[in-house]
Peer 1: 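Okay, handing you the structure first.
Whatever order the structure lists them in is the order used to number ligands and atoms, beginning at 1.
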Amino acid sequence: MAAVMLGRNVVLSGVSCGVISSPRGCPDWESSSVRVSLERPGVAALPGSSGRRIAAQPSGRWALRAALKELSVDNDVVALPTRNALQVHKVEKRKSGDDQTGKLSEFESLLEEKSEELSQEVALRSQNGIAIYLIGMMASGKSIVGREVAKALNYKFFDSDNVIESYEGGKPCREIFVLLGETKFRNLETKALQMLSEEKCLVVATGGGAVCKVDNWKYLNGVTVWLDVPVEDLVRRLNKTGTETRPLLSGKCAKSELSRLMRERRPHYAKAHCRLSLKALAENLELTDVGALTPTAIAVQVLEEVKQALQQEKYIPPPSGH
Ligand SMILES: Nc1ncnc2c1ncn2[C@@H]1O[C@H](COP(=O)(O)OP(=O)(O)O)[C@@H](O)[C@H]1O
Ligand SMILES: O=C(O)C1=C[C@@H](OP(=O)(O)O)[C@@H](O)[C@H](O)C1
């Protein structure tokens with residue numbers, strides 16, 4: 001037990017958190033400290049990859065058990081294979097009171113960790129990497145979140161609207177929509193998705209209506225994630241940015257048109273491998289509302305959902321060379 005040094009030790013409403021510095025003379029521990037949180041009776045979670053590495057080793061488990069005894073907690077030590085945003089958030093929340101800023105900054109480091117976990121999962125299943133397709137209503141955050149996901153994974157990012165624009169000499173989508181009409185716009189969208197379907201190691205933000213054309217699904221050649229955002233939050237975002245770039249809303253009441261489109265499109269979006277409900281995520285994280293979810297927090301959850309889709313074999317990457 002002398003080998004283990006306890007740093008902080010907080011006990012809050014039956015939950016204990018301690019920071020244990022790496023002990024001297026225990027060669028298979030790395031030098032960084034590890035946070036131990038007792039999330040439920042009998043289980044000590046070891047957040048982070050260093051924690052998991054330590055718990056995977058008998059000497060690490062022994063030392064942690066001893067440390068927990070010193071915290072007067074009779075717990076076993078197990079290695080949890082992963083943690084999700086919610087687990088981490090709960091620990092952080094206990095530590096920082098109800099500080100939303102503290103909670104959200106945690107997602108910055110989680111993004112790195114989650115992308116590492118997903119990369120490992122992908123590497124087990126495919127030598128070529130995968131593609132991730134974000135689907136959902138206009139203003140659901142496909143572009144802003146997609147960029148973060150791509151950056152974290154070191155993948156390329158494409159917005160299918162931008163690809164369409166490149167086909168038409170850089171004209172904005174809204175103009176293409178108006179000048180050529182919706183049918184031609186949709187044909188260009190299919191062409192863009194077909195081109196992107198050849199690529200791996202990329203994240204694609206699809207146009208809000210792309211998945212309504214059944215034929216387009218064969219080009220969504222990867223894990224599909226539906227960013228499910230309540231209509232009132234879409235309206236809130238569009239009120240900020242203006243609706244000029246959204247031809248489908250032109251001359252209409254945004255709220256009623258978005259509600260109508262959502263009803264019509266929901267069955268198409270529901271075909272995605274993963275549904276990420278922002279309402280549920282905000283509730284789980286005990287945030288005030290969907291508007292408090294940063295793109296980074298959402299990107300963390302996208303990475304987690306994609307990892308689970310691979311683990312549960314909802315999506316099986318094609319064999320190498322395909
Ligand atoms: N989680 C978020 N927090 C703050 N602003 C957001 C969030 N998600 C999207 N937005 C804003 O809403 C608008 C639409 O987002 P965008 O990523 O372009 O959506 P989409 O690609 O689905 O149409 C942008 O102005 C963006 O900055
Ligand atoms: O919902 C739609 O049908 C559309 C959404 C837009 O893309 P975003 O979802 O990126 O805004 C764009 O493709 C076009 O205006 C049509």
Peer 1: Does ligand 2 have an atom that lies less than 4.0 angstrom from a heavy atom of P247?
Peer 2: yes
Peer 1: Give the atom numbers and elements of ligand 2 that come within less than 4.0 Å of a heavy atom of R246.
Peer 2: 8 (P), 11 (O)
Peer 1: Protein non-hydrogen atoms only, distance under 4.0 Å: does atom 23 (O) of ligand 1 have such a neighbour?
Peer 2: yes
Peer 1: What are the two closest non-hydrogen atoms of T206 and S160, and how far apart are they?
Peer 2: CA-OG, 3.4 Å
Peer 1: Is it true that R186 lies under 4.0 Å from ligand 2, counting heavy atoms only?
Peer 2: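 In this structure, R186 qualifies as a contact of ligand 2 - some heavy atom is under 4.0 Å.
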Peer 1: What protein heavy atom lies closest to atom 13 (O) of ligand 2? Include the residue and the distance to one decimal.
Peer 2: D161 OD1, 2.7 Å
Peer 1: Closer than 4.0 angstrom: is that true for some heavy atom of R246 and an atom of ligand 1?
Peer 2: yes
Peer 1: Within the structure, is a non-hydrogen atom of R174 found at a distance of less than 4.0 Å from ligand 2?
Peer 2: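 No, that is not the case, since the closest heavy atom of the residue is not under 4.0 Å from the ligand.
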Peer 1: Is there a nitrogen or oxygen of A139 sitting under 3.5 Å from a nitrogen or oxygen of ligand 1?
Peer 2: yes
Peer 1: In this structure, which one of E121, E117, Q312 forms a side chain to side chain donor-acceptor pair (under 3.5 Å) with K307?
Peer 2: E117
Peer 1: Do the side chain of Y269 and the main chain of G208 share a donor and acceptor less than 3.5 angstrom apart?
Peer 2: yes
Peer 1: Considering only heavy atoms of M137, which atoms of ligand 1 have at least one such atom less than 4.0 Å away?
Peer 2: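 The list of qualifying atoms is 22 (O).
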Peer 1: Check each atom of ligand 2 against the heavy atoms of G209 and keep those under 4.0 Å away; list them by number with element.
Peer 2: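 What qualifies from ligand 2 is 1 (O), 2 (C), 3 (O).
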Peer 1: What is the nearest protein non-hydrogen atom to atom 14 (C) of ligand 2, stated with its residue, atom name and distance?
Peer 2: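 Answer, as residue, atom name and distance: F185 CZ, 3.9 Å.
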Peer 1: Please identify which atoms of ligand 1 are closer than 4.0 Å to at least one heavy atom of P295.
Peer 2: 1 (N), 2 (C), 3 (N)
Peer 1: M138 to ligand 1: N or O pair under 3.5 Å?
Peer 2: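 For ligand 1, there is no N or O atom that lies under 3.5 Å from one belonging to M138.
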Peer 1: Report, in ascending order of atom number, the atoms of ligand 1 lying under 4.0 Å from any heavy atom of R237.
Peer 2: 1 (N), 2 (C), 6 (C), 7 (C), 8 (N), 9 (C), 10 (N), 12 (O)
Peer 1: With nothing but distance in play, are any N or O atoms of G208 less than 3.5 Å from an N or O of ligand 2?
Peer 2: yes
Peer 1: Counting only heavy atoms closer than 4.0 Å, does ligand 2 sit against the backbone of A205, its side chain, both, or neither?
Peer 2: neither
Peer 1: One thing to verify: whether R260 and E257 come together as a salt bridge, which I'm taking to mean a side-chain N less than 4.0 angstrom from a carboxylate O.
Peer 2: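 So E257 pairs with R260 through a salt bridge.
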Peer 1: Regarding ligand 1, does I298 bring an N or O atom to under 3.5 Å of one of the ligand's N or O atoms?
Peer 2: no
